[in-house]
2 protein chains.
Amino acid sequence: MSSIATNAREASAGANDSLKSEFVAFKTNRIIEVASNLFYQRGYSSCTLDLVADNLGVTKPFLYSYFKNKEAILAAICEVGISESLAVLEATLADEHKTHRALLTEVVRQVGRIVIERQEYVVVYQREMKHLSATDHNRILRMRASFDHQIAELIREGVEAGEFREDTDSFVAVWIGGLISWIPTWYSPGGQRSSGEVIDQLVTAALRLAGAE
Amino acid sequence: MSSIATNAREASAGANDSLKSEFVAFKTNRIIEVASNLFYQRGYSSCTLDLVADNLGVTKPFLYSYFKNKEAILAAICEVGISESLAVLEATLADEHKTHRALLTEVVRQVGRIVIERQEYVVVYQREMKHLSATDHNRILRMRASFDHQIAELIREGVEAGEFREDTDSFVAVWIGGLISWIPTWYSPGGQRSSGEVIDQLVTAALRLAGAE
DNA sequence: TAAGCGCCGTACTGGCCAGTAGTTTTTTCT
DNA sequence: AGAAAAAACTACTGGCCAGTACGGCGCTTA
């Protein structure tokens, strides 16, 4: 009996905890969403936490119960784009049945989609990374390096398999990363080109760089 | 006689003035050089003018006798990379005897060189443009647009002339601009790759994007 | 050498802002 | 209902920084 009661209590406590942590996650997300938008518009250093709080309809101490300080908010923002991209990259590369050309196409398409979706996060990351603490900076730099490394590997194998031109240096991985990162500086959601067109163009460009035609 | 005297006086005054304006130009240059370096390292908003002055061995009011305010210094920095690139672009395109392929190669090579030389200026421009006044912002944006437009035109003519693949959209001009702008985020002067190698790679990449092979 | 001028420095201010201490409100549990 | 705990707010501070008023020093000119 006591064990049943205990289990029930634990289960209930567990449910409560998870509900509570869902609330916390939700609020945390809202904060980085709004903060990202404001950092994007005004720049990290010239954006005050009072402003972020105002835009959320709360006050500054509220933010401090979810993040240690201003820099922690920035770190959370910077991590979004790169961690999602890395996740998609690894999920895509897991499919062993595809050709290297198909893999490259799919990776570029998926990551391009994420970069467009998370445009503001990506731009803030690119512009404001230098304000991160050394620890956060290194963690994010490692993710970025891992991304580039895996693309370079994909290129190398594709060249070996004869799918890409043999005079293709695996360093084009960095150039392809450049194409992807470049999108947010000129694409705007309501603009002339749809995100679909942009992604198609991106894929074409990446394939040309890889010599896969 | 009076006219000779006047001329002599004017000539002398002119020489003085030009010498003086050379001094002014020199000091102005030193300011944007040092400021660019500090804005590059710390970001525009978190870099104080006292710090800039310290690094020049002068004091803050000195800066205010050469620039109206902090933003004017930023504007001067932002203009360097793009105005030099535009000048080189137009000088290169003036050579009527070259093929479109040769013109594209030369433009990319020259602008790549400028971007590497002026790396810090270019990065500050990309990151901090949003802190410019509307007037400065527009002036610089127009230069940038003119650059992209002329590259697009070059691509279009090259396709027409049969030098580039016929399924090449002139929008690759923007992608090529992306490759060039991407260099400063990963190239470092003392690093593994020499600037010559980087530029060769850049040219190769640009030609592949244009379908000129 | 003395007067005049211009260049640069000293010293200040007014406002802004990250971060915090202590209080009030809301929720939870009995 | 009422107490205890959790969540959010009010109100403040200490330091920083763009921009400025004014003073002094050296340099020209006669």
Side-chain angles (χ1 to χ4, degrees), chain A residues 5-6 8-32 34-35 38-39 41-77 128 131-133 136, chain B residues 5 8-9 12-13 15-17 19-28 30-32 34-35 38-39 41-77 128 131-133 136:
Chain A
T6 306
R9 207 184 311 122
E10 274 172 2
S12 152
N16 271 342
D17 283 359
S18 93
L19 190 61
K20 189 177 287 183
S21 73
E22 268 177 52
F23 278 137
V24 170
F26 177 78
K27 288 172 186 172
T28 305
N29 262 325
R30 284 289 296 148
I31 292 173
I32 68 167
V34 168
L38 291 169
F39 290 176
Q41 288 171 21
R42 317 214 169 201
Y44 172 71
S45 300
S46 7
C47 179
T48 72
L49 290 187
D50 281 316
L51 188 66
V52 175
D54 275 359
N55 273 265
L56 279 161
V58 297
T59 58
K60 188 163 55 177
F62 174 90
L63 305 178
Y64 278 87
S65 53
Y66 291 90
F67 291 92
K68 190 169 134 278
N69 52 30
K70 194 181 180 186
E71 186 260 320
I73 299 180
L74 180 61
I77 292 171
E128 314 289 1
H131 292 113
L132 293 175
S133 69
D136 290 327
Chain B
R9 205 184 311 122
S12 151
N16 272 340
D17 283 1
L19 191 62
K20 188 177 288 181
S21 74
E22 267 178 52
F23 278 137
V24 170
F26 178 77
K27 288 173 185 171
T28 307
R30 283 290 297 148
I31 293 173
I32 68 168
V34 168
L38 291 170
F39 291 175
Q41 288 171 20
R42 317 216 168 198
Y44 172 71
S45 301
S46 4
C47 177
T48 72
L49 290 188
D50 281 317
L51 188 67
V52 175
D54 274 359
N55 273 266
L56 279 161
V58 295
T59 57
K60 190 164 52 176
F62 175 89
L63 304 178
Y64 278 87
S65 53
Y66 291 90
F67 291 94
K68 190 168 135 276
N69 52 31
K70 194 181 180 186
E71 186 260 321
I73 298 180
L74 180 62
I77 292 171
E128 314 289 1
H131 292 112
L132 293 174
S133 69
D136 290 327

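Small disclaimer: the values here were computed from a predicted structure and weren't measured. We name chains A, B, ... by the order of the sequence lines, and we start the count at 1 in each one.
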Residues in side chain to side chain donor-acceptor pair (under 3.5 Å) contact with B:Thr28, at least two apart in sequence or another chain | none
Using the test salt bridge (charged side-chain N to carboxylate O under 4.0 Å, His left out), find all partners of A:Lys60 that sit at least two apart in sequence or belong to another chain.
-> A:Asp50
Can you sort out the partners of A:Arg30 under salt bridge (charged side-chain N to carboxylate O under 4.0 Å, His left out), two or more places apart, ordered by chain and number?
-> A:Glu33
d(CD1, A:Ile73; P, C:dC17) in whole Å = 15 Å
Between CG of A:Leu49 and P of C:dC16 the distance, given in whole Å, is 16 Å
Contacts of B:Phe62 meeting ring-ring contact (aromatic ring centres under 6.0 Å, His included) (sequence neighbours excluded), chain-then-number -> B:Tyr66
Find the distance A:Asp50:CG to D:dC12:P and express it as a whole number of Å.
-> 15 Å
ring-ring contact (aromatic ring centres under 6.0 Å, His included) against B:Phe39, all qualifying residues, sequence neighbours excluded = B:Tyr44
note: B:Arg30, atom CZ; C:dC8, atom C1'; distance rounded to Å ~ 17 Å
With a 4.5 Å heavy-atom cut-off, do B:Ile73 and B:Val52 have their side chains touching?
-> no
Neighbours of DNA chain C within residues 56-71 of chain B, by heavy-atom distance under 4.0 Å | B:Val58, B:Thr59, B:Pro61, B:Phe62, B:Tyr66
In whole angstroms, how far is the P atom of C:dC16 from the CG atom of A:Asp54?
-> 14 Å
Once you round it to whole Å, what is the distance between C1' of C:dC8 and CZ of B:Phe23?
-> 16 Å
